[in-house]
Number of protein chains: 2
Amino acid sequence: MAVTIRDVAKASGVHISTVSRTFSAPHLVNPETRTRVLATAEELGYRPNRAARALITGRTHNIGLIVADIANPFFPPMIKAAETHARRRDYHVFVADTDEDPVVETDLVRALAKQVDGILLCSPRMSDDQIELMRREVPLVVVNRLIDGLPAVVMDVGAGARSAVRHLVGLGHRHLVYLSGPRGSWTNREIRRAAGVAARAGGADLTVLGPHQPVSSAGADATEAVLATGATAVLAYNDLMAIGLLQSLQDRGVAVPEQISVVGFDDIATSALVRPTLTTVANPTAAAGRAAVDMLLQQGDDGATGQVTLRTDLVIRNSTGPGPYAPAGATAAQVAAYAKE
Amino acid sequence: MAVTIRDVAKASGVHISTVSRTFSAPHLVNPETRTRVLATAEELGYRPNRAARALITGRTHNIGLIVADIANPFFPPMIKAAETHARRRDYHVFVADTDEDPVVETDLVRALAKQVDGILLCSPRMSDDQIELMRREVPLVVVNRLIDGLPAVVMDVGAGARSAVRHLVGLGHRHLVYLSGPRGSWTNREIRRAAGVAARAGGADLTVLGPHQPVSSAGADATEAVLATGATAVLAYNDLMAIGLLQSLQDRGVAVPEQISVVGFDDIATSALVRPTLTTVANPTAAAGRAAVDMLLQQGDDGATGQVTLRTDLVIRNSTGPGPYAPAGATAAQVAAYAKE
DNA sequence: TTGAAAGCGCTAACAT
DNA sequence: ATGTTAGCGCTTTCAA
């Protein structure tokens, strides 16, 4: 087996508790002793066994990160930010994928509960009640969902949806479609609601299509349905769906944005790489990952259960243009200010 | 604190070791007793503490997955496949990001070593010697690198590069560019070498540009350099760079594939979403993730250190077309067969 | 400032 | 088939 605290103690002529203190409470150890212990530890290649430490302290210094789908480009930047941020604070991160399945999700929470100090539940698909149940087994921070009394990090998708709809209405669109996302998604509900309200306020109507899986093929598959509505502008639950639609539309000779405008959500990297580049609502996913980690780690200190809402930003690119009711000569750029209002 | 083995023992009127056996060696327990214990365990919500178990068995049932960059779309499908596969075998996965930094990489291996039964080192940036050193601290399986005597999973990128070059030469290109990837990448060296050999064999010449970070902006930034070579076809280290170049080329009015053909590597999801769609060498990253997990978990059983090479496939899309030396009327489709040879 | 001793939750001989 | 016991590597009272 590997080198333990006992080996270091023997080699440096002190008791194991002194070695222990050297690592977990250095200020309680004579500087000279400490130096000596540290030196022999280094020499022997000693590294504290976190599991053994956890057994007695009750703190594993691990956190769990559960996401709906690692391969969905929305998540990797968040995972990366959370992992890097956590590591900086000396925490390791278990990452797990639920494949959009609420049952897998609950199983996963339970399976990780004992091994972590807390879990980041990202875009959970389970019900609020389930989440309430889970939080009794392990500290939880929820990302992309708001539940009373539960620490959460959300992006202000409602505001994002409003900006997007205003942008479209300002461009002269009166008939909009919302391509909705997966069942169980809080974000989806928020966007749909906010978009509906904003559309009505702008004298436009909004047809809701869905639910859909949040993947590009679902966007492509919805093409017929979108065209059937006669709408001139589409807001999609996420960029993947928007891009799938964008491509499929153009494949059928429907020009974007000349005939139909398309707006996505998230601002994943691909959105700037497709043609036309995608107008979308940017979500600060990396910041969300960091904020969620902070929240989880602070949860012990005070009992506070904050709820952080991060700003979203409409990024106007080339997939949106004037609609049938556009003021003469209006361009996307001209109405940008209006949307920002 | 949570419910322990002791609580279950007390509640079901047996000794703790019987409870322990019920979970870790059920066949050694009387079926009736087992049922009773299981029932009370369920009732109390007992779940074995893996850390405590690990302390004595020496097996954590955790594995570490270290990648160069979680946000690089090459990795998420691999991470996802590995995590799902591992979980199915009752292993949890620590995911960590090195940010392409070899120093972070070694630190990470050491930090995780004690907490896992083994580590999957994906696309390592550290040197072979470093890796040799690391493997003495913890079982390692390396992905995307071949080192003598070390268990590894690689994709046959050499064959992929040859197919790509043959495809281009077959299309009538004689002056090629290889846009190389990051320093320290085994994959990069393999592709460059194989492409060079294949080019020479086909009577073409290959100019190597780089190294570059494996991101789309690097591809875009290389545009001038590419044009300066006068080449009519480009092979890039990965799709991200290829797409960056593709876009930048078109932004300057250089038509793809009419004036320049572009080939990527990896077949990330975005490659099918850009226009023109990207011809690329598909890497079986998900299969690689699963294979690596299997290899790691088998390492204990026998001492075998296998090396698995997974097949790559040239996916011909619309970013490649006839070059200056093309047989009259040649199209990408027509030469596909040749490339496959 | 350091040592001694107990014990975190669990498994693995060994005994019964 | 079940109970007893020792102890994995570490932290943390309590004494000295």
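Note that these values count all heavy atoms, side chains included, but never hydrogens, waters or copies made by symmetry. Note that the structure is a prediction, hence the values are computed from the model and not measured.
Distance A/Arg50 CZ to C/dC8 C1': 18 Å, rounded to the nearest Å. We find that NE2 of A/His15 is positioned 12 Å from C1' of D/dT12, with the value rounded to whole Å. The CD1-P distance, from A/Ile5 to D/dC10, rounds to 5 Å in whole Å. What separates CG of A/Leu55 from C1' of C/dG7 is a distance of 9 Å, to the nearest Å. Taking atom NZ of residue A/Lys114 and atom P of nucleotide C/dC10, one finds them 7 Å apart after rounding to whole Å. A/Arg53 places its CZ atom 18 Å from the P atom of D/dC8, with the value rounded to the nearest Å. Put simply, CD on B/Gln115 is 13 Å from P on D/dC10, counting in whole angstrom units. The interatomic distance linking B/Ile16 (CD1) with C/dT11 (P) rounds to 9 Å, in whole Å.
Within 4.0 Å of A/Phe23, counting heavy atoms only, lies no atom of the nucleic acid at all. Residue contacts shown for B/Val19 are absent, as no nucleic acid heavy atom lies under 4.0 Å away.
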> Does the side-chain hydrogen bond (donor to acceptor under 3.5 Å, both in side chains) test come out yes or no for A/Arg59 and A/Tyr91, once each step is laid out?
Replying inline: CA-CA 10 Å; A/Arg59 325 214 68 235; A/Tyr91 278 74; 3.2 Å; yes
Using a cut-off of under 3.5 Å, enumerate the N/O to N/O pairs linking the protein to nucleotides 13-16 of chain C.
{"from": "C/dA13", "atom 1": "N6", "to": "B/Arg21", "atom 2": "NH2", "distance (Å)": "3.3"}

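Of the side-chain N and O atoms in A/Ser20, none sit less than 4.0 angstrom from OP1 or OP2 of D/dT12. Neither OP1 nor OP2 of C/dG9 sits under 4.0 Å from any side-chain N or O of B/Thr4. An OP1 or OP2 oxygen of D/dG3 is reached within less than 4.0 angstrom by a side-chain nitrogen or oxygen of B/Thr18.
Between B/Glu105 and B/Arg125 there is no salt bridge, since none of the side-chain N atoms of the basic residue sits less than 4.0 Å from a carboxylate O of the acidic one. Taking the charged nitrogens against the carboxylate oxygens, A/Arg36 and A/Glu32 have no contact shorter than 4.0 Å, which rules out a salt bridge.
Not counting sequence neighbours, A/His15 has no partner by the ring-ring contact (aromatic ring centres under 6.0 Å, His included) test.
In the set D/dC8, D/dA1, D/dG9, the nucleotide with an atom closest to the side chain of B/Ile56 is D/dC8. Picking from D/dT2, C/dC10, D/dG9 the nucleotide with the shortest atom distance to the side chain of A/Asn49 gives D/dG9.
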Show me the side-chain donor-acceptor pairs of residues 283-296 of chain B shorter than 3.5 Å, one per line, residues at least two apart or across chains.
{"from": "B/Asn283", "atom 1": "ND2", "to": "B/Asp266", "atom 2": "OD1", "distance (Å)": "3.1"}
{"from": "B/Asp294", "atom 1": "OD1", "to": "B/His85", "atom 2": "NE2", "distance (Å)": "2.9"}
{"from": "B/Asp294", "atom 1": "OD1", "to": "B/Arg89", "atom 2": "NE", "distance (Å)": "3.3"}
{"from": "B/Asp294", "atom 1": "OD2", "to": "B/His85", "atom 2": "NE2", "distance (Å)": "3.3"}

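Two residues are said to be in side-chain contact when any heavy atoms from C-beta on lie closer than 4.5 Å; B/Val37 and B/Val8 meet this criterion. Inter-residue side-chain proximity for B/Phe75 and A/Lys80 is flagged as unmet; no heavy-atom pair is nearer than 4.5 Å.
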